[in-house]
Every structure is written in structure tokens, then in C-alpha cells.
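Remarks on the structure that follows.
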Amino acid sequence: MSLSTAAGSGVTPGPARRGRLRRTFDKHWYAWAMVAPTIFVLGALVLYPLVRGILQSFTNLTETNQRAEVCSKTLGGAESCTPNPDRWHWVGLHNYTDLLTGERGHFWLLLENTIVWTLACVLLHYLIGLGLAVLLNRNFRGRSLYRVLLIVPWAVPAFVSAFAWKFLFNPKFGLINSVLVHLGLDPVEWFNHRWTAMFAAVVTNVWLGVPFMMVAILGGLQSIPAELYEAAEMDGTSPWQRFRHVTVPGLRPVSSTVILLGTIWTFNMFPIIYFVTGGQPAGETEILVTGSYRAAFEGLRNYSLAATYGVVILALLVVYAAAYRRVLKSKGEVW
Amino acid sequence: MTRKPRGRDERSPLSSLALHATLVVATTIALFPVVWVLLASLKPQDAIQSTEIHLFDHPTLENYRRVLFETSFPHWFLNSVVVAIFTMVIGISMSATAGYALSRFNFPGKRGVMWLFLITQMFPVAILIVPIYTIMANLGLIDTKASLVIAYCSVAVPFCTWMLRGYFDTIPPELDDAAALDGLGPFKTFWYVVLPLARPGLAVTAFYTFLTAWGEVAYAIAFILSDKNLTLGAGLQQFVPRFNPQWDLLTAGAVLIMLPASLVFYFAQKHLVAGLTAGGTKG
Amino acid sequence: MSTPVVFDAATRLYPGSTVPAVDRLDLEVQPGEFLALVGPSGCGKSTSLRMLAGLEDVSSGSIRIGDRDVTHLRPKDRDIAMVFQNYALYPHLTVGENMGFALKIAGVAKSEISTRVADAARILDLERFLDRKPKALSGGQRQRVAMGRAIVREPQVFLMDEPLSNLDAKLRVSTRTEIASLQRRLGITTVYVTHDQVEAMTMGDRVAVLKDGVLQQVAAPLDLYDRPANVFVAGFIGSPAMNLGTFAVEDGDALVAEARIRLPRATTDALTTGEVVLGFRPESLERVPAGTEGAFAVEVLVVEELGSEAFLYGSLGAKLHNPQLVAKVEPRSVPAKGSVVHFRVDPERLHAFSTTTGEALPTA
Amino acid sequence: MRRTLPGLTGLAAVALVLSACGGGGAASPSADKTDHDALKATLTWWDTSDPTNEAPAFKQLIKKFNAEYPNVKINYQSVPFGEAQNKFKTAAEAGEGAPDILRAEVAWVPEFAAAGHLYALDGSDVLKDNHYLDTALSSDVYNGKTYGVPQVTDTLGLMYNKKLFKEAGIDEAPTTWAEVKADAKLLKQKAHVDGIYLNSGGYFLLPFMYGEGGDLVDTKSKTIEVASQANKDGIKVAQDMVKSGAAPKPDANDSYGTMMTLFKEGKVGMVINGPWEVANVSKDPKFGGFDNLGIAPVPAGSKGAGAPVGGHNYVVYSGMDEKKADAATAFLEFMTSAKSEAFIADKLGLLPTNEDAYDLVKDNPRITAWKAALDVAKARPWIPEGGLFFGPLDEMATKVLVQGADVDKTLDQTAAKYKSDVVPAYDLP
């Protein structure tokens with residue numbers, strides 16, 4: 001049905017019969033024109049570097065070997081250039097084998113961290129978001145005030161919240177340990193252990209991401225027809241059963257989108273890990289995306305290694321998205 | 001909520017207490033770090049990071065005075081406002097048109113476009129910065145606000161398009177038909193009929209694009225060279241030199257950076273739920 | 001003012017489908033005529049209307065409005081107005097703005113717009129609501145706004161796509177006469193799509209019946225009722241529906257349960273097989289004493305008593321296309337449930353159809 | 001401020017004399033005033049110094065420069081230290097946006113030079129008759145050419161709280177790690193504070209390695225020496241500090257900030273740190289001013305004391321228009337002249353790289369206090385991969401100091417990592 005608007009839409013009005021092809025073009029011309037600016041920007045700024053990155057991952061390109069010639073310019077003097085003896089070359093799958101066998105970096109550690117990180121964050125985002133949304137979807141006094149206040153973290157830039165939480169978690173000067181001590185508990189050396197450090201990062205990211213989830217789910221809740229609840233009540237269901245059999249399935253369209261996007265975003269959530277734990281202790285909380293950052297920006301830039309990280313991340317996420325889509329499709333959801 | 005008759009909606013005092021207790025705890029957690037930064041910003045520099053933790057410690061507005069009058073903060077602020085607003089306007093224009101096309105037309109390449117949007121979210125930004133810099137350099141856009149606006153649009157538009165497409169899906173297509181009969185072409189239909197109806201969705205998109213641009217650091221650091229052209233996110237990094245982060249300036253700056261975001265948020269929040277309702281549903 | 005509309009072998013084939021949604025539709029709508037397009041859901045009636053509106057591509061064939069070929073014209077260039085099933089009122093515009101929107105787009109002067117809107121509002125009794133948003137109106141009022149929006153345009157053709165289906169039963173009845181009389185007053189050629197055959201029969205000057213994208217019959221309502229062109233039309237038009245059944249023919253008699261019904265000569269001549277589809281409307285059944293010639297016994301299952309009339313639903317010793325036989329009986333002396341009564345078919349009002357083609361067979 | 005003012009006037013007088021009789025291009029300013037006027041250019045300079053505490057002094061210096069060269073406009077941009085390195089590389093590779101002159105940290109110079117981003121300065125006036133400290137200048141040399149001139153130098157030293165020392169009955173700064181350990185015990189017993197805070201950053205463990213005669217790599221023989229016995233011994237000393245309680249267990253994250261806060265608050269007696277912190281420590285109201293701050297060379301190990309040299313250099317971007325060469329030379333000459341260096345040293349307490357400047361600031365205790373520490377400063381291996389040394393080293397430091405890992409094993413891992421990730425062309429011994 002949605003074809004309709006474009007039907008009969010010629011560039012120039014006129015009764016002349018045009019060829020079918022021409023009319024197809026006329027019809028889709030609008031659609032393409034409307035998508036074109038976005039495609040153009042994304043193509044230039046994301047797709048092109050992405051393709052380049054994929055190519056680079058099969059080379060040994062770094063900052064120093066990218067030039068064909070090594071030139072040395074002397075101030076007020078001559079420039080002398082010699083061919084670069086170490087010019088980059090294709091290395092096939094070398095980077096991938098290096099990375100996956102742990103020859104360079106700690107791929108499997110990072111992957112494990114990334115999965116734990118993503119799983120924990122998305123799960124907590126979703127569950128807390130769902131819980132708060134269900135509460136806020138009831139009718140009671142002060143609801144809108146709670147709603148406004150609970151969304152505040154969304155308005156805080158990521159690096160600010162990272163700083164704020166790092167502050168709170170500071171083992172010596174942070175409020176959290178100070179409260180623990182006042183309660184008669186031992187202070188925790190948050191960043192000295194892998195999982196406590198990860199915990200601090202997860203808390204920060206959960207704090208940051210719950211409002212979005214909450215609002216999205218709240219929207220989804222309001223689109224569930226009230227009759228469904230009434231029918232379920234007539235069927236003698238308990239509140240929990242209604243939640244389980246009406247709310248959860250009714251939220252599936254919203255959930256499927258936010259979980260898919262949430263997973264992708266969290267997977268690549270760079271600033272929180274970088275600013276809060278900085279990978280401490282001893283790199284044990286690095287995730288794949290911080291690994292790619294370090295390869296790209298720490299010391300001599302290793303473009304090929306960074307690109308390899310990027311391609312592996314991309315591949316993992318594409319596989320995930322495709323599988324996710326397939327599961328959704330089997331349940332009758334499509335996007 | 002008008003789901004149930006009023007009488008049945010009343011809770012027992014106990015469950016009412018539990019409800020409010022849960023929400024109060026959640027709200028406290030949501031606000032606490034913000035409040036803590038605010039409190040810190042009122043302390044003198046040496047008291048901000050200290051073994052002795054007080055809520056207040058010689059409260060003063062000195063930090064704010066210094067940020068506002070002794071640094072380029074006002075410049076950065078203005079730059080951020082300009083960049084965020086342009087990102088918002090351009091980002092919304094792009095994602096609204098693209099979202100409309102994806103919602104209404106069944107054109108060849110549509111599925112590819114949806115995948116493309118998803119894939120752009122998957123590639124780490126760190127790897128994109130250097131190539132995008134080169135592109136910007138070729139366009140002569142280095143050290144301009146335009147470079148940031150374009151880059152931020154590429155970050156925010158895929159999600160916004162996705163969301164607006166969902167929102168447009170909820171607007172009955174008969175309205176488009178009616179508009180066609182009333183003499184509007186697709187572009188005019190979009191402008192006169194669909195856009196006015198999509199206001200809640202657009203509000204969310206506006207909020208989202210604004211925030212994307214407002215607090216961004218990585219691109220701003222890379223593309224902006226001169227101090228006067230920095231945006232807030234990048235500018236505040238100046239208070240984190242190699243040693244001795246200047247907590248006084250940083251906390252005060254952080255509070256000031258949150259203010260306009262909250263303001264935008266305050267105006268958008270009415271529409272937030274309604275906008276995401278439709279957008280999220282159809283996602 | 002009055003303009004004819006012609007569908008000339010108009011076909012709509014959706015991309016990716018092999019079966020046309022509308023298959024070579026040939027239809028002429030007379031100037032000023034109210035043509036009702038009726039059929040079960042999915043029959044292609046809405047598609048036909050949307051093709052006429054220009055909202056749907058015409059795959060082959062053509063459509064003419066007056067002497068203009070509009071097959072590939074944009075909707076706005078066809079000089080038509082449409083009333084949608086859900087009215088498609090612009091939620092962000094007031095009633096008055098909704099009604100005047102098309103004129104505004106067309107660049108009509110403001111004063112002209114307001115007089116025309118005021119005129120239409122007066123006709124439809126909407127004057128009080130002009131400044132309200134559609135959301136603040138009841139279903140019936142919205143429906144009138146949708147009508148008003150069409151009227152204001154003063155188009156050559158009105159298109160209406162099930163405009164009454166969102167109204168409650170009572171309002172539907174009153175509105176349908178309002179629309180019909182309004183159309184007659186304005187004299188504008190109208191194509192009206194509905195799935196409700198009662199609506200089609202009561203409103204249309206002529207009724208076109210569609211099934212699976214193919215036009216079955218176009219005729220005045222009574223013609224359609226009395227002389228259905230095929231089994232489908234016979235079964236579709238009329239409420240309660242016509243009793244239809246396939247029966248064996250022996251020596252020129254159809255064997256209906258224990259009864260033998262004599263078929264006219266013309267009918268038997270046209271038969272190609274040993275069976276015939278017979279149809280008889282509920283009011284063509286005559287209650288007779290047992291043993292009357294051509295009578296068959298019916299066991300009474302349900303009797304619907306409507307006061308002015310009564311319908312009997314019963315089982316027959318032979319299979320019908322519908323599970324039960326329906327007969328109209330005297331409302332004041334209905335047989336008891338479970339009793340057995342006897343009926344005979346009025347031979348004058350017997351319909352016969354071919355078992356192979358479903359086409360009507362001559363009965364005289 | 002009050003203290004530096006008289007010094008400054010005296011200094012200016014000395015400077016005038018110096019520049020009047022000094023050789024090179026630095027003739028009397030009035031003599032070739034016209035020459036200076038003829039020099040016309042705009043130079044963009046990215047400064048990476050602390051934008052609030054240090055930048056103003058450099059801006060003042062630019063004003064002084066412009067008094068001499070009115071037509072050379074310096075476009076001063078403050079770029080945060082953490083960003084400058086990547087920003088410069090990205091810009092230089094794209095060929096647009098890079099500044100003409102950059103203040104580069106010592107480890108960056110070989111990186112930039114190897115990528116061809118810098119002008120070699122050999123033969124230019126800046127290097128003629130120079131009096132740069134050898135160790136400082138060594139970081140500018142790559143492949144036999146000199147790619148920059150040192151702006152400031154620094155090193156690590158032992159900083160201590162005099163008041164706490166007095167409370168603990170310690171009269172003199174410890175000179176060996178063993179003495180540090182003993183003093184820490186005293187501090188704990190008598191002053192009730194922790195002895196020394198060891199920062200879990202790899203850079204801050206270098207004195208322990210140097211003290212045993214170790215180093216990270218040998219650039220001549222191209223071998224990885226990070227897991228040498230000397231280094232292992234040195235790191236064991238460091239680990240023992242923590243294990244014995246002489247030093248509290250550092251935090252894995254932001255241990256530098258923790259160290260400084262504790263030191264400023266008088267909660268710890270000693271830290272290993274550099275001259276850049278002197279101003280911050282002295283001005284913190286809880287510390288007790290500069291007078292309370294003791295500065296000594298890093299304690300020695302069994303092979304003597306050694307601390308890594310750090311600092312910053314001026315480098316010239318190879319994409320700069322050749323026409324600006326004279327202006328750039330003039331600017332660098334001015335900025336690294338004894339008088340300018342002395343001015344910065346006086347204002348900010350940063351250590352000059354020009355030997356002559358030390359004569360001008362010999363009355364400044366903040367500078368002289370570091371002179372001894374500077375004498376044991378050791379050049380680091382200046383290779384392009386130098387920037388990658390510290391990732392694995394930081395990891396090692398955290399493992400050893402925070403997590404109490406086995407020193408031998410950890411350093412072996414670090415060496416393996418150097419081989420795979422840092423200097424694949426080098427050999428493991």
C-alpha cells in the first residue's frame with residue numbers, strides 16, 4: 001500500500017504514456033532522493049574508511065612504513081629522499097592469526113571482557129529499565145517528577161559521568177569506600193582486581209544507559225492495548241502472569257530493537273572503560289574496542305593491527321545481528 | 001493511567017510505600033553523581049580530591065568565576081551551542097527524509113540501506129578518526145565547526161532514521177493518500193502532513209542529536225586545532241593536563257556543560273515517551 | 001458537471017504477484033450516477049477505486065474521466081475527491097482547515113475558500129465544529145467532515161471507500177440515506193466501495209459485484225437481486241442469502257431430498273451434466289402441507305422472529321452449499337423448534353446455474 | 001612572586017650583557033633591529049604545557065620575542081598534552097592542520113622523525129655554538145641527525161616532607177633504597193605516616209632498574225634487556241618496599257594522583273617525582289610551602305643512582321613553508337636562549353636545557369635543588385618505538401606492586417611482549 005504515494009508521480013506532469021522502466025524510475029526517484037544525502041554522508045565518512053580498514057587489515061601498514069620514500073628535510077637545506085626499505089606489504093591473514101593466537105595482544109582476554117561487559121551492561125540496562133518503566137507506568141502522585149529526575153543521567157555527557165564515577169569509586173578519596181568504612185566494612189580496592197574494576201565500569205555505564213532504556217520501554221508499555229490486561233485478568237491470571245504473558249510479549253517489538261542497538265553500542269562503548277578503569281589492573285579490563293584504540297593511537301600507530309581489531313569487531317557484530325534477526329524472524333518480528 | 005477503574009487502582013499502603021521507596025532509591029542513584037560533581041565544584045581546588053570527605057568545604061563560586069572569566073569556556077560554550085544546533089537541524093532533516101522514504105516507499109535497495117545503518121554503528125570510532133580527518137582535510141574543513149557537524153551527523157543519523165521510520169509507520173498512510181488527492185507531491189506531503197504529525201518523534205530525535213553533539217570529545221579533539229574553535233567536550237580536556245587535573249575548573253565546567261543539556265531535555269521530555277513509543281515499537 | 005467514468009480493461013498486478021488484484025476491469029459509470037462497487041474483502045474493489053483515484057498504478061488498460069485519459073495522471077490532476085474509510089483527516093488541522101486544505105494547495109483565494117467551506121459546513125451541519133480538531137469530534141461528525149472535505153472540492157467525481165464502516169449500526173443506516181440524497185442533490189458522479197451488500201443495494205443506482213479481481217455483474221439493484229448472473233452474485237446479494245444447492249437431474253426433474261422439482265425446458269436444454277445448481281430465496285419458499293407435490297420436509301432448528309418478519313433455519317434431507325436452509329415464514333405463526341415442516345419452491349422464482357461454469361441457466 | 005622580582009631585574013641585566021657579547025646570530029638587539037624587522041612570517045606554535053599554570057609564562061615570552069621581531073607573528077595554540085601527539089601525527093599525515101612548531105615530549109621526537117614529519121635542524125643557527133645539556137639534546141637525535149632543540153628537561157628525584165622527617169628524627173635524605181626502607185620505618189613509627197608512595201607507573205620504576213645498572217633495550221646491539229638480571233633485582237627492591245610495608249600498596253588506577261594527594265596532605269613522607277610538581281606541592285595549603293619540600297637525587301641501587309631524563313623539545317614540522325625557515329630559527333633561538341630559559345625557570349621552576357641558564361638562576365632554590373638530581377639523569381633509548389615501552393611496563397608495575405606477582409616471571413612476560421608488540425626486530429638475549 002505504501003507504494004501508493006509515489007504512484008503516478010511524474011517529474012513533469014503530462015498525460016503521455018511513458019515506458020514502464022521510466023515510470024519505475026520516476027516512482028523511486030523520490031525515495032532515492034530522500035535517502036541520498038544520508039547515504040552519501042555515511043558512505044563517505046563510514047563506509048569508505050570501513051572498506052579501507054578491511055583492506056589494511058591484510059597489510060602490515062603502520063605509521064612509519066606507509067610512505068614510499070623516506071624523506072629527510074633539513075631546515076634551510078636540501079631534502080633527500082630514499083626509497084623506504086620497509087615499505088608496507090600485504091601479509092594475508094597474518095594479522096588475524098597473530099591476534100587470534102594471542103601472538104600479539106590478549107585477544108581472548110579482551111573478547112572475554114567484552115562479552116562479560118556487554119552482557120552485564122545490556123542485561124542490567126534492560127532489567128532495570130524495564131523495572132523502572134513498569135513502576136512509572138502506574139498511576140500515582142509524583143510520577144512525572146520521578147520520570148524527569150530519572151532521565152537526568154541521559155543529559156550528562158559520557159566523559160563527565162565517567163569522571164564523576166571514577167571519583168566516587170576512588171579507593172582512597174572516593175565516597176563509596178568512605179561510606180563502606182563508616183558502615184564498619186572494609187574498603188574495596190576497586191581497581192586492583194579485575195572483576196571489581198569491571199564492576200565499577202559496568203555501574204557507570206548502567207547508570208548512563210538506563211534512562212534511554214527506561215524511556216523506550218515506557219513507550220512500548222503504553223502501546224500495549226489495555227484490553228489485553230483486562231482479558232488476562234478475566235482469565236484469572238496473577239499480576240506476575242500478566243507481566244509474563246502480556247507485558248513481556250507486548251514489549252517484544254521495542255525490546256528487540258533496543259537490545260540489538262544496545263548490544264552494538266555497548267560492545268563499542270569506548271569512553272567508559274577508557275576513562276573509568278583505563279584497563280586497570282594491568283590491562284585486565286580492556287575490551288576489544290579499547291584494544292583497537294591502543295593499537296591505533298598509542299606510540300607508533302599500528303594501522304593494520306587497529307584495522308584488524310575493527311574488522312573482527314565488525315564481523316562479530318554482523319554475525320550477531322544476522323543471528324538475532326533470524327531469531328526474530330522465526331518469531332514473526334521483522335525490521 | 002486510565003487502564004483500570006480508579007478504585008481498583010488504589011494500592012495498599014505497604015505496596016505504595018514499596019513503590020515510592022524503590023523510586024526514591026533509584027532517583028537518588030540517578031542524581032547522586034551529578035549532585036556530587038555540583039558539590040565538588042563548590043569546593044576549593046585542594047579540597048576536591050582529599051582523604052577527608054565533606055559535603056561542603058569552604059563553599060565558593062570561585063571555580064565558576066575562573067572558568068567563566070579566565071578560560072576560553074564562553075567561546076567553547078558558544079561553539080558547542082552552534083555545533084549542537086546545526087547538528088540537530090541537519091541531522092533531523094537527513095534522518096526525517098530518509099526515515100520517511102524507508103517508511104513509505106518500497107524501493108530497490110531499501111534493505112541494503114537498513115543494513116548499512118546498522119553496520120555504521122558497528123565499526124569502532126577510533127579507527128574512523130584518521131580517515132575522516134583526511135577527508136575533512138581534503139575538503140578544507142579542518143578546524144571548522146562544519147567538520148564536527150558532518151561527523152556528528154554521521155554518528156547520530158542512522159539511529160534517528162531508524163527511529164523516525166518507526167514513527168512514520170504509525171502515521172496512517174491514508175493521510176498520504178488524502179494529501180495526494182489534495183494535490184500534494186511526495187515532498188510536500190512530507191512537509192505539510194507527515195512532519196507536523198511526527199512532532200513527538202522529531203523531539204526525541206532532536207534531543208538525541210543535540211546530546212550526541214553536545215558532549216562529544218573524540219572528533220572534536222581531532223578536528224579542531226585552535227583554542228577559540230574548540231567545543232566544550234574538547235575544551236574541558238584542557239583542564240586535564242598531563243599531571244594535576246584541575247578538578248576545580250573541571251567540576252565547574254562539567255556542571256555548566258550539563259545545564260543546557262538539561263534545558264533541552266526539559267523541553268523535550270514531554271515528547272520523549274510519546275516519541276519513543278512509536279519509534280521503538282516499529283523499530 | 002456530470003462526468004462519465006470508464007474503466008477500459010484496467011488491470012492491476014502487484015509486483016511479485018502473478019495473480020492480478022484487478023483483472024481487465026471494464027466498467028462504465030454514467031454521468032451523475034451513483035455506482036456501488038461491492039464484493040467480499042480482497043475482491044479488488046478498493047484497488048479499483050484507488051486506481052481511479054491515481055493512488056494505485058494501472059498495470060495495463062486505461063481509465064477515463066470524461067473525455068480525458070487519466071491512466072497516468074497524478075491524483076491531483078484528475079479532479080476527483082475521495083472519502084476514506086478512516087476519513088484520513090489531518091489531525092493537526094482544524095475541521096475548517098481540513099475542508100479547505102486542497103483549495104489552499106490549489107491556490108484558491110482565501111475568501112473563496114471560506115465561503116465554500118462555510119457552504120459545505122452548512123450542508124453537513126458542521127458549522128459549530130469548524131474550529132475544532134478532528135480528535136474532538138465523534139465518529140459521525142468526523143465522517144461528515146470527510147464528506148465536507150470532498151464536497152468543498154466540487155470535483156467531477158466522488159470516490160468513497162467504505163465511508164460508513166466505522167460507524168455504529170444505527171448511524172450507518174441514517175448516514176447512508178443522507179449520503180445518497182446528498183449525492184443526488186449534487187449530481188456528481190460517484191463510485192462507492194463497500195463490502196456490505198445492503199449498503200450497495202440501498203444506495204447505488206447500479207451495483208457492480210467483484211470477486212477475485214473480476215467483475216461479475218453490473219446492474220440496477222433489483223435486476224441484480226432478481227437476475228443474478230452467476231452463483232456468486234446469487235449467493236452474495238440478498239440477506240438472508242439465497243439457498244443454493246447442487247442436485248442431480250433425472251428426467252428433467254431436480255432431485256431435492258424427497259421432492260422432485262420440475263425444471264423448465266430451457267434449463268434442462270442448457271444442462272451439460274446430470275446435475276444442476278438450484279437457488280431459491282427464502283421468500284420463494286412456500287409452506288405447504290406434507291405430501292404436496294414438490295414439497296420437501298425440513299426440520300426446524302432455529303426461528304428468528306423479527307416482528308415484521310420471521311426466518312426459519314432448518315435442515316433438509318439433502319446437502320446445500322450453506323449448512324442450513326433459510327425460509328421466510330409468517331411472523332405470527334411460526335413453527336416450533338424441532339418440528340418438521342414442509343416447503344415448496346415457487347417455480348417462477350427458481351434460479352438455476354451451471355455446475356461447471358456457475359453461470360445462470362435460462363429458466364424461461 | 002615577590003621573591004622572584006628582584007631576581008628578575010638582575011637577570012635581565014645579565015641577559016643584556018650576555019647577548020651583547022654572545023656569539024652566533026645573537027648580536028645586540030638594537031644593532032640589527034632592521035634585520036629583525038625584515039623577518040616577516042606567521043608561525044603556528046602548539047604548546048603542550050599546562051594551559052592554566054604554565055601557558056601564561058610562555059605567552060609572556062612570546063611578547064618579549066615580538067619586541068625583538070615585531071613582524072613574526074606567533075599563533076599560539078595550547079593543545080592538551082594528552083592529545084597533541086596524535087593530533088600532530090594525524091594532521092601531518094593528512095598534510096593539513098599541523099603547526100609549524102610543536103612542543104614535543106622527548107619520546108615523540110624519534111617517532112615523528114621516523115615518519116618524516118620533522119625538519120632536521122643540522123647546520124641551522126639554532127644548533128650552532130649551542131650550550132644544550134647533552135642528555136637533553138640526545139633525545140633530538142635520530143639516525144645521526146638532530147630534529148629538535150630541548151625546551152625543558154626534567155628527571156625524577158626523591159621529594160620528601162621535611163616536617164615529617166623532623167618528626168621521625170631523620171636528618172638527611174636517604175641516598176639508597178635501603179636507607180629509604182629504614183627511614184620509612186621511622187616515619188611510620190614516629191610520624192605515623194606511610195614512608196614512601198610508589199606510583200604503579202612503569203616510568204617511575206626506572207630508577208630501580210637503573211640503580212642496578214639495567215635498561216629496557218640496547219639500541220646498539222638491538223637486544224631486549226628488560227628481563228635482565230639487573231632489572232629483576234631492581235624491581236624486586238621495589239616490590240620489597242610494598243611487601244615490607246615501607247610503601248603502602250599503590251592503587252592500580254590513578255595511582256599518580258593518589259600519590260600526589262597523599263603527599264600534599266602530609267600523609268606520606270616521600271615520593272619519587274619530578275620538578276613539574278614542585279609548584280603544585282608548594283602552593284597546596286596543606287603541605288606547608290616550598291620550604292617544607294625536600295628534593296634529593298633518586299636513591300641509589302647497588303650500581304649507583306640513575307633516573308630517566310624527560311622533558312620537551314621544540315620541533316619544526318616538515319610541512320612548514322621553507323620561506324619561514326629564518327623566522328622559525330629565530331624563534332627557536334630566542335626561546336632556547338639562556339635568558340628565555342632562565343625566565344621560564346624562574347617563573348615556573350622548570351629546569352633549563354641551556355647550561356648557561358643555570359648561571360642566571362643560581363639563586364633560585366627551586367632550580368638548584370634539582371641540579372644534583374639532574375646529574376644522575378640518564379638518557380633513555382631514543383627510538384621511534386620508545387612510546388610503546390611504557391604500556392607493557394605499566395602492566396608490569398601493576399602486576400608486581402599491586403598484585404604482588406612474581407618479579408622474574410612478570411619481567412619475562414614483559415620481554416616477550418616487547419618482542420611481539422614493541423620491537424619485533426630486536427632479539428631477546
Side-chain angles (χ1 to χ4, degrees), chain A residues 1-6 9 28 30-31 34-35 37-38 41-42 45-46 49-50 52-53 132 135 138-139 146 148-150 152-153 155-161 164-165 173 175 178 215-216 218-220 222-223 226 229 253-254 257 264 268 289 292-293 296 306-307 310 313-314 317 321 335, chain B residues 1 3 9 19 22-23 26-27 30-31 33-34 36-37 49-51 53 94 97-98 100-101 104-107 113 116 118 120-124 126-128 131-132 135 153-154 157 161 173 176-177 180 185-186 189 214-215 217 233 254 257-258 261-262 265 269 272-273 276-277 280-281 283:
Chain A
M1 286 291 129
S2 52
L3 287 163
S4 52
T5 338
S9 52
H28 299 312
Y30 286 104
M34 289 177 128
V35 181
T38 306
V41 170
L42 290 180
L45 261 53
V46 183
L50 191 144
R52 244 179 56 154
L132 290 176
L135 293 184
R138 300 180 179 200
N139 197 15
Y146 282 124
V148 172
L149 295 181
L150 282 172
V152 163
V156 181
F159 80 92
V160 173
S161 33
W165 279 98
F173 319 117
L175 188 76
S178 146
V215 170
L218 201 51
Q222 298 193 336
S223 68
Y229 285 98
V254 183
T257 307
I264 293 174
N268 281 334
V289 72
S292 96
Y293 175 85
I313 290 172
L314 180 70
L317 286 175
W335 42 271
Chain B
M1 202 181 60
R3 189 155 289 163
D9 212 29
L19 173 76
T22 316
L23 287 172
T27 310
L31 294 184
V34 177
W36 196 243
V37 171
Q49 188 165 44
S50 159
T51 33
I53 299 171
M94 282 168 68
T97 44
Y100 182 68
R104 288 297 198 265
F105 307 119
N106 214 346
F107 58 95
V113 172
L116 172 77
L118 211 54
T120 58
Q121 309 280 299
M122 294 178 179
F123 212 54
I127 303 173
L128 297 178
I132 296 183
I135 293 168
C153 281
S154 81
V157 160
T161 306
D176 298 48
D177 294 345
T189 304
W214 186 249
V217 179
I257 200 175
M258 285 190 271
S262 315
F265 162 72
Q269 67 95 12
L272 274 182
V273 173
L276 274 170
T277 303
T281 312

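Every chain is numbered from 1 and lettered A, B, ... according to where its sequence line falls, protein lines coming before strand lines.
Qualifying side-chain contact (heavy atoms from CB on, under 4.5 Å) partners for A:P153, counting only residues two or more places apart in sequence or in other chains: A:W207, A:P211, B:A30. Scored by the side-chain contact (heavy atoms from CB on, under 4.5 Å) test, A:P37 finds B:M94 as partners (sequence neighbours excluded).
Nearest heavy atom pair, residue A:I313 against residue B:M122, reads CG2-O, 3.7 Å.
Contact count against chain B (heavy-atom pairs under 4.5 Å) is highest for A:P157 among A:A307, A:A296, A:P157. The choice from A:V35, A:V41, A:T38 that makes the most heavy-atom pairs within less than 4.5 Å of chain B is A:T38. By number of non-hydrogen pairs under 4.5 angstrom with chain A, the leading residue of B:V37, B:V34, B:T120, B:T161 is B:T120. Comparing A:V152, A:V160, A:V46 by how many heavy-atom pairs each has under 4.5 Å with chain B, the most go to A:V46. No other option in A:I264, A:L45, A:L149 has as many heavy-atom pairs under 4.5 Å with chain B as A:L45.
Two residues are said to be in side-chain contact when any heavy atoms from C-beta on lie closer than 4.5 Å; B:L19 and A:L135 meet this criterion. B:T22 is not listed as a side-chain neighbour of A:Y146, based on a closest heavy-atom distance of 4.5 Å or more.
Looking at A:V148, both its backbone and its side chain come within 4.5 Å of chain B, counting heavy atoms on both sides. Proximity to chain B involves both the backbone and the side chain of A:Y293, based on heavy atoms less than 4.5 angstrom apart. With a threshold of 4.5 angstrom between heavy atoms, B:L23 approaches chain A through its backbone and through its side chain.
Judged by distance alone, the side chain of B:W214 and the main-chain N or O of B:I257 form a donor-acceptor pair under 3.5 Å.
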